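A short write-up of the structure that comes next.
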Protein chains: 2
Amino acid sequence: MELFYSKDIDGNMCRLDQDESGHCVKVLRHRSGDEIAVIDGRGTLCRCRITSDSPKGVEAVVLSSESGWGAHTYRLHMAVCPTKNNDRYEWFAEKACEIGVDEISPIIGEHSERRVFKTGRIEKILVSAAKQSLKAAVPQVNEPVSVREFIREQAGNEGALKLIAYCFEDENVPRRSVKEMLDGFEGEEIVVMIGPEGDFSKAEAELALEAGFVPVHLGASRLRTETAALTAVSAAYFRYI
Amino acid sequence: MELFYSKDIDGNMCRLDQDESGHCVKVLRHRSGDEIAVIDGRGTLCRCRITSDSPKGVEAVVLSSESGWGAHTYRLHMAVCPTKNNDRYEWFAEKACEIGVDEISPIIGEHSERRVFKTGRIEKILVSAAKQSLKAAVPQVNEPVSVREFIREQAGNEGALKLIAYCFEDENVPRRSVKEMLDGFEGEEIVVMIGPEGDFSKAEAELALEAGFVPVHLGASRLRTETAALTAVSAAYFRYI
């Protein structure tokens with residue numbers, strides 16, 4: 001199913017940007033009168049009829065709207081340290097969107113190797129993935145913040161299940177299994193922190209625990225950052241399957 | 001942890017091939033007398049001492065062996081249709097190995113777009129992934145066979161949980177949830193078939209059912225072939241976590 005994406009939908013008119021219009025008219029050869037389906041990135045699918053088929057700015061009238069199109073019943077926020085290799089993070093973003101994610105926060109830890117992050121590129125990948133997987137909501141990707149800043153931001157987030165995955169064991173606060181924590185959670189909002197290759201530091205872990213994060217492990221396998229992140233996404237998906 | 005890979009280990013001598021030797025001596029600068037750890041690809045980790053540091057053919061004496069190193073308790077065979085884009089299958093193979101998989105069979109379906117498959121390249125990726133994720137067993141990757149041939153091969157495989165994931169619904173044989181099937185399974189051997197972008201055909205599905213495969217869905221999300229495959233790998237992983 002062919003989908004377009006527009007942030008410019010007001011009530012009953014929809015406008016496609018230059019990229020989307022070019023694709024619509026020059027590649028897919030749509031013309032005025034054709035019906036197209038447009039996602040607004042926030043969960044609504046609009047069925048529209050093209051009124052102006054300019055390859056630089058398609059305009060269409062909205063015939064009908066459907067909210068929560070392709071939505072999942074939970075809200076998942078993945079806070080994942082940028083990977084040394086950008087491809088890997090892009091791969092994670094694409095697959096996380098296919099399976100189900102609502103928000104992605106790149107977090108820079110003490111042991112992070114990569115401190116630069118191409119948010120724009122990830123946004124493009126998420127729009128593509130949302131269209132391909134038939135979801136009208138495009139996951140939000142945030143600008144990078146430090147791990148400490150992220151933890152601070154989440155401190156007041158009371159109703160959510162907040163999990164931090166790291167590889168070391170602290171005998172005072174043994175890690176629970178991510179599956180066990182998800183199975184025991186009755187709510188719908190989940191936040192998961194995934195560290196860099198060098199893991200979170202003890203100080204970062206302590207801060208997280210103080211802010212209400214539960215330390216978890218992701219099973220016995222030793223997973224790369226992006227694999228760990230996607231494994232957590234799958235775990236949440238299966239919790240609500 | 002640095003690991004080497006060798007298929008040439010007999011009792012107490014180990015030999016590295018040219019690539020591994022070059023890496024060992026020229027890149028990592030090992031010399032005679034150094035201790036190295038070598039996986040045999042079949043589950044055993046051998047701790048060895050280098051006796052000959054030739055960059056074309058390192059030789060080492062085996063000091064000790066540990067079987068089942070990095071092993072998981074179940075046996076998972078993923079039969080996945082080759083993807084149009086090779087990168088995607090390579091990503092799947094790498095991540096499946098990290099999480100846990102024992103055998104990968106590329107299967108060519110009626111609706112498959114790609115009929116050529118680079119087994120050698122996937123083998124290299126699996127060796128790399130096994131080393132990186134600290135597993136002494138390198139998943140086996142088979143030469144491509146047709147879906148029908150694969151189903152025939154599996155017909156006699158009685159004790160295993162055999163699952164086939166497809167997107168259509170047949171009111172006579174409703175699909176079960178992959179999670180439900182895994183949770184209800186007491187054994188340790190699992191075989192999962194994942195179809196191409198165009199899905200398995202009704203005829204292929206029927207043949208699979210006759211051979212004892214249970215039809216499953218992977219939840220509500222619409223997943224690419226490689227994402228569906230990895231989601232099934234994660235589901236098995238969480239079943240035995």
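By convention in this document, chain letters (A, B, ...) are assigned in the order of the sequence lines, proteins followed by strands, and residues within each chain are numbered from 1. Note that the structure is predicted; figures quoted are calculated from it, not measured.
Applying a 4.5 Å heavy-atom cutoff, none of the residues of residues 65-84 of chain B approach chain A.
Rounding to the nearest 0.5 Å gives a distance of 8.0 Å between CG of B:L182 and CZ of A:F238. Remark: B:I99 CD1 to A:S221 OG distance equals 7.5 Å, nearest 0.5 Å.
With hydrogens and angles ignored, the 3.5 Å screen pairs no side-chain donor or acceptor of A:E98 with any backbone N or O of B:T227. Judged purely by atom type and a 3.5 angstrom limit, A:Y237 has no side-chain atom pairing as donor or acceptor with the backbone of B:T231.
Closest of all the heavy-atom pairs between B:E226 and A:E94 is OE2-OE2, 4.3 Å.
Within the 4.5 angstrom heavy-atom criterion, only side-chain atoms of B:I241, from C-beta onward, approach chain A. With a 4.5 angstrom heavy-atom cutoff, A:V233 does not touch chain B via any of its atoms.
Within the 4.5 Å cutoff, no side-chain heavy atoms of A:W91 are placed close to those of B:R88. Taking the side chain as every heavy atom from C-beta outward, A:R224 and B:K95 approach each other to under 4.5 Å.
Surrounding CD of B:E197 are at most 12 heavy atoms belonging to other residues, nucleotides or ligands under 6.0 Å away.
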